[in-house]
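One structure is given here, and the rest of the page talks about it.
Only heavy atoms go into these numbers, but all of them, side chains included; no hydrogens, no water, no symmetry mates. In this text, all values refer to a predicted model and were calculated from it rather than measured experimentally.
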Amino acid sequence: MSDHAADPATESFVAHRNLLFTVAYEMLGSAADAEDVLQETWLRWAEVDPDQVADPRAYLVRITTRQALNRLRTMKRRRESYVGQWLPEPMLTAPDVAEDVELAESLSMAMMLVLERLAPTERAVFVLREVFDVGYDEIAESVGKSPAAVRQIAHRARKHVEARRPRTVASPREARAAVESFRRALETGDPQELLDVLAPDVVLVSDGGGVKQAALRPIVGAEKVARFYLGSIRKTGAVVTSDPAVVNGRPALLVRVDGEVDGVLAVRVEEGRIAGLFYVRNPEKLTRVGSETPLTLR
């Protein structure tokens, strides 16, 4: 074993890396920015004497939270100039992530968009408390607030999220069935088959980032969404296919045009029908769909 591999600071960081990445991603909605936060966390951790740290995991989460908060404030300003609708960066995840109901729900596109509505400190507090079950005292150190203030922020954030989160969470089996029905409907091009799988008030949000064509505003209603998809497919004149995948812990589709990945289509399923469609086409956001990203709550 090399000296580098035996270094306690490196070993601690590597042991908790997947957790730290998950914390950063939940706070930022961007894998690229989460990786930058991990780099900054490592630089600060490397300056610390591990022998003086009683709980390396808690200390590392604290550093990651502070760095993510700094970046989140910057990103909020950056997104104000984003072209069209902004969606989180999708990630191909292992099937076992889908079986962890708590993790899968927190990572879903629908929930990530709800978290986007929170102020930076509210989002950090909510994620640490509700997703990772971090204690109030530890959160207080991470966000630079008193424990009493953190409790108030957590209560406020929880109310905001509860008011906007999906009404029901479909089981993985139910979601897979709806995604498969949607995939078949797209392949056959049958409008009625597509309408059958879409909820009447379905909402489609597409993100092209100004690079790929996408609807600049959400499209609402089953008939409008069906026309958008069937019309888009006919218009391209290309061979459009889709492959089932697990993205952000939920069943989704990788859409290919003439064999090349064109985008990721994530869904929100309610009562067996698709109530939300999230189509990410921005090429800069498709770097994490070629291989699985390991995520964990622990």
Measure the spacing between CD of Glu270 and CD of Glu174 and express it to the nearest 0.5 Å. 10.0 Å

If hydrophobic clusters are built from ILVMFWY residues whose side chains come within less than 4.5 Å, do Val289 and Phe21 share one? no

Within a reach of under 6.0 Å around CZ of Arg79, are more than 12 heavy atoms found that belong to other residues, nucleotides or ligands? yes

Just so I know, are the side chains of Trp86 and Glu116 near enough to count as touching, which here means a heavy-atom distance under 4.5 Å? yes

Evaluate the side-chain proximity of Tyr279 to Val255: yes if any heavy-atom separation is below 4.5 Å, no if none is. yes

If you compare all heavy atoms of Val246 against all heavy atoms of Ala94, which two are closest, and at what distance to 0.1 Å? CG1-O, 4.1 Å

Do the side chains of Leu254 and Val264 get nearer than 4.5 Å, heavy atoms only? yes

Looking at every non-hydrogen atom in both residues, tell me the closest pair between Gly249 and Val97 and how far apart they are. CA-CG1, 3.7 Å

What do you reckon, is CD of Glu180 surrounded by more than 12 foreign heavy atoms closer than 6.0 Å? yes

So, do Asn248 and Pro90 sit near enough that their side-chain heavy atoms are less than 4.5 Å apart? yes

For the hydrophobic clusters of this structure (ILVMFWY residues joined by side-chain heavy atoms under 4.5 Å, transitively), does one cluster hold both Leu87 and Val225? no

Nearest heavy-atom pair of Ala175 and Ala170: which atoms, and what distance? N-CB, 4.4 Å

Considering non-hydrogen atoms only, spot the tightest contact between Leu128 and Ser142 and give its length. CD1-CB, 4.3 Å

Passing option when Glu162 is tested against Arg165, Arg158, Arg164 for salt bridge (charged side-chain N to carboxylate O under 4.0 Å, His left out): Arg165

4.5 Å side-chain heavy-atom contact, Phe132 and Ile139: no

For Glu223, does the CD atom sit with more than 12 other heavy atoms under 6.0 Å from it, leaving out its own atoms? no

Membership question, hydrophobic clusters at under 4.5 Å side-chain separation (ILVMFWY): are Val203 and Val267 in the same one? no

Exam field: side chain Thr22 to backbone Leu295, donor-acceptor pair closer than 3.5 Å: no

Mind checking the CG-OG1 spacing from Asn70 to Thr65? Nearest 0.5 Å is all I need. 11.0 Å

Assess whether atom CD of Glu35 is packed by more than 12 heavy atoms of other residues, nucleotides or ligands within 6.0 Å. yes

Quick one: are the ring centres of Phe182 and Tyr229 less than 6.0 Å apart? yes

How about Lys212 and Asp262: do any of their side-chain heavy atoms sit closer than 4.5 Å? yes

If we check salt bridge (charged side-chain N to carboxylate O under 4.0 Å, His left out) with Asp207, which of these qualifies: Lys285, Arg217, Arg281? Lys285

Kindly compute the distance separating OG (Ser181) from CZ (Arg273), expressed to the nearest 0.5 Å. 11.0 Å

Test Leu186 against Val240 for side-chain contact (heavy atoms from CB on, under 4.5 Å), laying out the working first. CA-CA 9 Å; Leu186 288 182; Val240 180; over 6 Å; no

Reported CG-to-CD distance for the pair Asp96 and Glu292, which is rounded to 0.5 angstrom: 8.0 Å

Shortest non-hydrogen pair, Ser108 vs Glu105, comes out as OG-O, 2.9 Å

Under the side chain to side chain contact (heavy atoms under 4.5 Å, CB included) test against Asp33, which residue among Arg71, Met27, Gln67 passes? Arg71

State yes or no: do Leu60 and Tyr25 share one hydrophobic cluster built from I, L, V, M, F, W and Y residues joined by side-chain heavy-atom distances below 4.5 Å, directly or via other members? yes

First locate atom CG of Leu265, then atom CE of Met109, and finally report the distance between them rounded to the nearest 0.5 Å. 10.0 Å

Given the rule in the side-chain contact (heavy atoms from CB on, under 4.5 Å) test, do Asp133 and Arg298 qualify, once you have shown the distances and angles that lead to the verdict? CA-CA 10 Å; Asp133 198 28; Arg298 294 156 194 91; over 6 Å; no

Would you check if the side chain of Arg44 reaches a backbone N or O of Glu40 as a donor-acceptor pair within less than 3.5 Å? yes

Between Phe278 and Arg268, is there a cation-pi geometry (under 6.0 Å to ring centre, at most 45° from the normal)? no

Would you say Arg256's side chain and Ser242's backbone share a donor-acceptor pair under 3.5 angstrom? no

Using side-chain contact (heavy atoms from CB on, under 4.5 Å), reason through Arg117 and His160 one step at a time and then give a plain yes or no. CA-CA 8 Å; Arg117 304 285 293 273; His160 287 171; over 6 Å; no

Spatial distance of atom CG (Leu19) from atom CG (Leu297) [nearest 0.5 Å]: 8.0 Å

Do Val257 and Val247 belong together in a cluster built from hydrophobic side chains that touch within less than 4.5 Å? no

Are any of the side-chain heavy atoms of Tyr59 and Ser12 separated by less than 4.5 Å? no

Met112 side chain reached by Glu26 side chain, heavy atoms, under 4.5 Å: yes

Taking all atoms of both residues into account, what is the closest heavy-atom pair of Ala31 and Glu89, and its distance? N-OE1, 2.9 Å

